[in-house]
Amino acid sequence: MVERHAGGRLAYPAPAGRHRRHRQPRRRERPHQGPALRIHAGAGLNGRFHTLNVFARELLRWYDHHGRKDLPWQHPRSAYRVWLSEIMLQQTQVVTVMGYFQRFVDRLPTLRDLAEADEDTVLALWSGLGYYRRARFLHQAARLCMERHDGDLPRDLDALMNLPGIGRSTAGAILAQAHGLRFPILDGNVKRVLTRYHGIAGFPGESAIEKKLWLHADEHTPAKRTADYTQAIMDLGATVCVRSKPACLLCPQAATCVAHRDGLTAVLPTVKPGKKVPTRSVAMLLVRDKRGRVLLERRGPQGVWSGLWSLPEAVDADTAPAVAATLARVRQADPLPAFTHVFSHYKLDVSPILFDHAAPLAAVADRADRRWCNRDELASLGLPAPVRTLLDNLPEISP
DNA sequence: AATACGGGGGT
DNA sequence: ACCCCAGTATT
C-alpha cells in the first residue's frame with residue numbers, strides 16, 4: 001500500500017541488506033551552523049546538549065537498519081541535487097524519479113548548467129514526470145540563483161522560500177539534507193506520522209493544525225544527523241506509517257504513539273472535510289386516502305431524481321397544506337419526523353407531512369404524471385431511496 | 001469512472 | 001483563509 005504522490009517516496013521496501021554496507025552517506029564538512037542552529041536551539045534540548053530526543057533516537061535507530069542510504073541524490077550530495085530530487089519527489093514515486101533524476105543531472109550536472117539551459121531542454125528532461133509547472137519553476141529558480149546568490153542555492157530559509165517552487169518544507173529538506181542544518185520538514189508523510197504519534201485530530205491542511213504540526217516537527221528534529229533524520233521520517237511515513245493499515249508492529253515509535261495506543265490509526269490523520277455542501281429543504285406531502293393509497297408524482301426530466309416517482313413537494317411545512325389542498329380534499333396535517341438526505345453536491349432537509357383521510361379530486365388523479373398508489377404498487381415503481389424508506393415506514397391510517 | 005489528494009502559488 | 005494546479009493512486 002504505497003502512498004500516493006510524495007507519499008510514494010519509498011516505492012519499494014528497503015533492501016534487506018546485510019552486505020549492503022553502505023557507508024553512512026558521507027556528508028561533507030558540516031558547515032558552520034551559526035545562526036540557524038542558534039535560532040532553533042531554543043525549541044528543545046537538541047541544540048544545546050547534543051542529545052537526541054526519544055523520538056529522533058528511535059527513528060534513527062530504525063533508519064540505520066531500514067532506511068535508504070543509497071538514493072542517487074545522496075551520492076554525491078549537493079544542494080542542487082537534493083533540490084532537484086525534492087522537486088521531482090513532490091509528485092512522483094522514488095522508483096520513477098531515480099531514472100529521471102540521473103538523466104537530468106547527467107545532462108545538467110550543476111545549477112549553472114540548468115540556469116543556462118533553455119526551457120525546452122529542461123522540459124524535455126522533465127517529459128514524462130508531469131506537473132511541468134514545477135520544471136518551469138525549477139528553471140526560473142536556477143536563473144534567480146545566478147542573479148541573486150552567485151550561482152548557488154542560498155543556505156537561508158527565507159531566501160530559499162523566495163524561489164519559485166520552494167515552500168517551507170522543501171526549503172527545510174534542502175537545508176537539512178544538503179547541509180545538515182537543523183530545519184524541520186513537514187510533507188504529507190511527516191504530517192501523517194505526527195498526527196498519529198501525538199494523536200492530533202483535525203484536518204492537517206487546516207492552518208491551526210498545521211501550525212501545531214510544524215512545532216512538533218521542529219521539536220523532534222535533532223541537531224545531530226539531521227539529514228538522516230529527515231530522510232528517516234519520510235521513509236517511516238512512506239513504508240510503515242502508511243495511510244491505511246500502517247505496520248505498527250514494525251514501527252519504532254509504536255511504544256509511545258498515541259494513535260497506536262488508542263486505536264486511532266484508522267481515523268488519523270483526519271480526512272479533509274468535505275467542502276461544505278449547500279443545504280436545501282423541502283416539505284414532502286404524503287397525501288393518503290381512506291384506502292391507504294398515496295398520491296405520487298412523476299418528477300420532471302430536469303434535476304435530481306428525474307423521471308422517478310416521488311411525493312408532491314412544497315417549499316416548506318407552512319405552505320404544504322395549501323399545496324395539498326390543490327391535490328385532494330384534505331382534513332388534517334400531521335408532521336412526520338424530518339430527515340436529511342445527502343447528495344453528492346448538496347444536502348436536502350426533508351420535512352414529511354402526512355395528510356390522512358384525503359379524498360381524491362377527479363381532475364388530479366387523471367394525469368399521466370400523477371397516480372394514487374397502494375402499497376403493492378410501490379414495489380414496481382422507481383422511487384428515490386429516501387422516499388421509499390419514508391413510504392415503507394408510514395404509520396397506519398389514523399382513526 | 002469517480003474521487004481524493006500533495007505541496008506550492010496566487011489572491 | 002481561500003481556491004487552483006494537473007497529475008497519480010485509490011476506490
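Below, read A as the first sequence line, B as the second, and so on, with proteins coming before strands; counting in each chain starts at 1.
In this structure, A:R243 atom CZ and B:dC5 atom C1' are separated by 8 Å, rounded to whole Å. Residue A:N162 contributes atom CG, which lies 15 Å from atom C1' of B:dG10 at whole-angstrom precision. A straight line from CZ of A:R133 to C1' of B:dG10 spans 9 Å, rounded to a whole angstrom. In this structure, the OH atom of A:Y131 is 11 Å from the C1' atom of B:dG8, given to the nearest Å. Regarding A:M88, its CE atom lies at a distance of 15 Å from the P atom of C:dT8, rounded to whole Å. Per the geometry, CD belonging to A:E210 stands 9 Å off P belonging to B:dG7, to the nearest Å. Distance A:E206 CD to C:dC2 P: 9 Å, rounded to the nearest Å. In this entry the distance linking NZ of A:K272 with P of C:dC4 reads 11 Å, nearest Å.
Below the 3.5 angstrom threshold, one finds a donor paired with an acceptor across the side chain of A:R134 and the base of B:dG7.
Taking the six-membered ring where tryptophan is involved, the planes of A:F55 and A:H220 are essentially parallel, since the angle between them stays under 30° and well short of 60°. Below 30°, between 30° and 60°, or above 60°: for A:H66 and A:W62 the angle between ring planes is between 30° and 60°, a tilted geometry.
Note on A:L129: nothing from the nucleic acid sits closer than 4.0 angstrom, heavy atoms only. Backbone-only engagement by A:L163 is indicated by non-hydrogen atom pairs under 4.0 Å involving sugar-phosphate atoms exclusively.
A side-chain donor-acceptor contact under 3.5 Å links A:T256 and A:Y197. Between A:R134 and A:Q90, the side chains place a donor N or O and an acceptor N or O closer than 3.5 Å (distance only, hydrogens not considered).
Side-chain nitrogen and oxygen atoms of A:Q93 include at least one within less than 4.0 Å of the OP1 or OP2 phosphate oxygen of C:dA9.
The listed nucleotides are B:dG9, B:dC5, B:dG8; the one nearest the side chain of A:F137 is B:dG9. Set against C:dG7, B:dG8, B:dC5, the side chain of A:V271 has B:dC5 as its closest nucleotide. The side chain of A:Q90 has B:dG7 as its nearest neighbour among B:dG7, B:dG9, B:dG6.
Between A:R112 and A:E116 there is a salt bridge, with a side-chain nitrogen of the basic residue lying less than 4.0 Å from a carboxylate oxygen of the acidic one.
Nucleotides B:dA4 and C:dC3, compared at atom P, are 15 Å apart to the nearest Å.
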